[in-house]
Amino acid sequence: DARMVMLDVGQGDSILIQSKAASVLVDTGEQGDVLLRELAEQGVTHLDAIVISHKDADHAGALKKLAGVVAVDHVYVHADLIGQAFMEKVLESARWVTNGREAEGVRPGTTLRAGRFSLNIIAPQDGGKSENEDSLVGLLEFDADGDGNTEARGLLTGDAESEALERVVSQVGDIDFLKVAHHGSKGGLTDEQLTELSPKIALISVGADNKYGHPSIETVKMLENHGVRIYRTDKQGAISVGFSSTGMRVTPER
């Protein structure tokens with residue numbers, strides 16, 4: 001009953017986290033009809049929270065389309081971005097989907113919980129520098145029996161590329177899974193960072209035949225050279241990762 005699903009929203013990001021009747025969505029992708037279809041296929045009619053990593057349309061563009069269809073309790077963004085003019089479209093969408101409740105701010109040190117999952121915000125310290133550097137980075141931890149010892153942990157990176165990740169990799173250490181930054185772009189990860197993180201699986205959310213050439217050949221080869229098992233939405237559709245006390249089980253849609 002604990003799982004993370006990288007939804008197949010094309011060239012964008014949207015990750016569903018579910019445990020013990022709690023549901024949290026990290027990003028929405030850009031296409032509202034696609035997001036609604038994906039959530040319907042997962043049986044989702046209510047979200048305890050939506051976390052918007054940053055303002056880019058391929059991460060936040062479908063937020064408003066949930067209004068009146070999927071109930072949403074909270075929308076979270078980096079605290080430094082609330083009130084910023086460039087965030088107005090996202091903030092307006094947050095008001096729509098929560099029936100007038102304003103977006104709420106998070107920053108490093110904030111922990112959001114969903115059943116046996118804890119999403120710990122670890123970066124960036126300051127928002128408003130640039131779009132990709134504004135991306136919230138979260139450490140998702142799964143504690144099967146609530147004893148404080150995690151059975152699995154991984155990084156959700158949004159579009160935070162290698163320069164932004166440099167500030168968090170050393171504090172995170174070994175992880176089990178990695179949401180590869182910026183759809184597998186060339187600058188999203190370095191060999192040294194991958195060595196330090198040492199994930200078992202890599203998840204790449206990317207649209208088929210996209211114009212950006214994502215994921216880059218360099219990033220894919222780097223992951224392969226480190227023995228990381230790669231799952232990508234353009235090839236396999238939605239990727240479901242189930243969690244239990246004995247480990248993780250990955251189930252691609254196709």
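One-based numbering along the sequence shown.
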Would the distance check show the side chain of [X] and the main-chain N or O of [Y] forming a donor-acceptor pair, the cut-off being under 3.5 Å?
{"X": "S162", "Y": "G187", "result": "yes"}
{"X": "Q193", "Y": "T190", "result": "yes"}
{"X": "D27", "Y": "S53", "result": "yes"}
{"X": "S245", "Y": "A144", "result": "no"}
{"X": "Q236", "Y": "R232", "result": "yes"}
{"X": "S216", "Y": "T219", "result": "yes"}
{"X": "D143", "Y": "G148", "result": "yes"}
{"X": "S19", "Y": "A2", "result": "no"}
{"X": "H78", "Y": "P124", "result": "yes"}
{"X": "E38", "Y": "D8", "result": "yes"}

If hydrophobic clusters are built from ILVMFWY residues whose side chains come within less than 4.5 Å, do [X] and [Y] share one?
{"X": "V70", "Y": "W96", "value": "no"}
{"X": "V75", "Y": "L35", "value": "yes"}
{"X": "V51", "Y": "L140", "value": "yes"}
{"X": "L156", "Y": "V5", "value": "no"}
{"X": "V26", "Y": "I239", "value": "yes"}

Evaluate whether atom [atom1] of [X] has more than 12 neighbouring non-hydrogen atoms of other residues, nucleotides or ligands under 6.0 angstrom away.
{"X": "E163", "atom1": "CD", "answer": "no"}
{"X": "D174", "atom1": "CG", "answer": "yes"}
{"X": "K64", "atom1": "NZ", "answer": "yes"}
{"X": "R37", "atom1": "CZ", "answer": "yes"}
{"X": "R113", "atom1": "CZ", "answer": "no"}
{"X": "R229", "atom1": "CZ", "answer": "no"}
{"X": "Y212", "atom1": "OH", "answer": "no"}

Is [X] salt-bridged to [Y], cutoff N-O under 4.0 Å?
{"X": "D134", "Y": "K55", "answer": "no"}
{"X": "R107", "Y": "D126", "answer": "no"}
{"X": "R153", "Y": "D176", "answer": "no"}

Item to check | From CA spacing to verdict: side chain to side chain contact (heavy atoms under 4.5 Å, CB included), E30, V9 | outcome: CA-CA 8 Å; E30 186 169 8; V9 293; over 6 Å; no

Checklist entry - Pairs in or reaching into residues 230-254: which pass ring-ring contact (aromatic ring centres under 6.0 Å, His included), with residues at least two apart or in two chains? => result F117-F243, F142-F243, F177-F243

Next on the checklist: Suppose the criterion is ring-ring contact (aromatic ring centres under 6.0 Å, His included): which pairs have a residue in residues 12-49, not counting sequence neighbours?
Outcome noted: none

Measuring only between side-chain heavy atoms, which start at C-beta, is [X] closer than 4.5 Å to [Y]?
{"X": "R95", "Y": "R101", "result": "no"}
{"X": "L81", "Y": "F86", "result": "yes"}
{"X": "H226", "Y": "D191", "result": "yes"}

Item to check | Passing option when E141 is tested against N149, T150, T111, L119 for side-chain contact (heavy atoms from CB on, under 4.5 Å) | outcome: T150

Next on the checklist: Quick one, K235 with E253, criterion salt bridge (charged side-chain N to carboxylate O under 4.0 Å, His left out). Give me CA distance, side-chain angles, the key distance, then yes/no.
Outcome noted: CA-CA 10 Å; K235 302 290 188 183; E253 183 177 11; over 6 Å; no

Item to check | CA sep, side-chain torsions, deciding dist, call: T233, M6, side chain to side chain contact (heavy atoms under 4.5 Å, CB included) | outcome: CA-CA 8 Å; T233 55; M6 175 169 279; 3.7 Å; yes

Next on the checklist: Show, in sequence, the C-alpha distance, side-chain angles and deciding distance for I50 and H74, and conclude whether the side chain to side chain contact (heavy atoms under 4.5 Å, CB included) test is met.
Outcome noted: CA-CA 6 Å; I50 298 176; H74 305 275; over 6 Å; no

Checklist entry - Can you name the ring pair (Phe, Tyr, Trp, His ring centres under 6.0 Å) partners of H182, sequence neighbours left out? => result H214

Rounded to the nearest 0.5 Å, what separates atom [atom1] in [X] from atom [atom2] in [Y]?
{"X": "Q11", "Y": "D58", "atom1": "CD", "atom2": "CG", "result": "6.5 Å"}
{"X": "E166", "Y": "E192", "atom1": "CD", "atom2": "CD", "result": "8.0 Å"}
{"X": "L112", "Y": "N120", "atom1": "CG", "atom2": "CG", "result": "8.5 Å"}
{"X": "D159", "Y": "D13", "atom1": "CG", "atom2": "CG", "result": "6.5 Å"}
{"X": "S14", "Y": "L16", "atom1": "OG", "atom2": "CG", "result": "7.5 Å"}
{"X": "D48", "Y": "L25", "atom1": "CG", "atom2": "CG", "result": "11.5 Å"}

Heavy-atom pair of closest approach, residues [X] and [Y]:
{"X": "T28", "Y": "G61", "result": "OG1-N, 3.7 Å"}
{"X": "A22", "Y": "G115", "result": "CB-N, 3.9 Å"}
{"X": "A60", "Y": "I52", "result": "CB-CG2, 3.7 Å"}
{"X": "K179", "Y": "G158", "result": "NZ-O, 2.9 Å"}
{"X": "A160", "Y": "A181", "result": "O-CB, 3.0 Å"}
{"X": "L36", "Y": "L66", "result": "CD2-CD2, 3.6 Å"}

Checklist entry - What residues form a side-chain hydrogen bond (donor to acceptor under 3.5 Å, both in side chains) with N99, not counting sequence neighbours? => result none

Next on the checklist: Tell me every residue that passes side-chain hydrogen bond (donor to acceptor under 3.5 Å, both in side chains) with R3, counting only those two or more places apart in sequence or in another chain.
Outcome noted: Q18, Q42

Next on the checklist: If you apply the rule side chain to side chain contact (heavy atoms under 4.5 Å, CB included), what do you find for V241 with I201, and how did you get there?
Outcome noted: CA-CA 10 Å; V241 185; I201 64 171; 4.3 Å; yes

Checklist entry - Which other residues end up in the same hydrophobic cluster as V180, if Ile, Leu, Val, Met, Phe, Trp and Tyr are linked when side-chain heavy atoms come under 4.5 Å apart? => result I122, V137, L139, L155, L165, V168, V169, V172, I175, L178, L189, L194, L197, I204, V206, V220, M222, L223, V228, I230

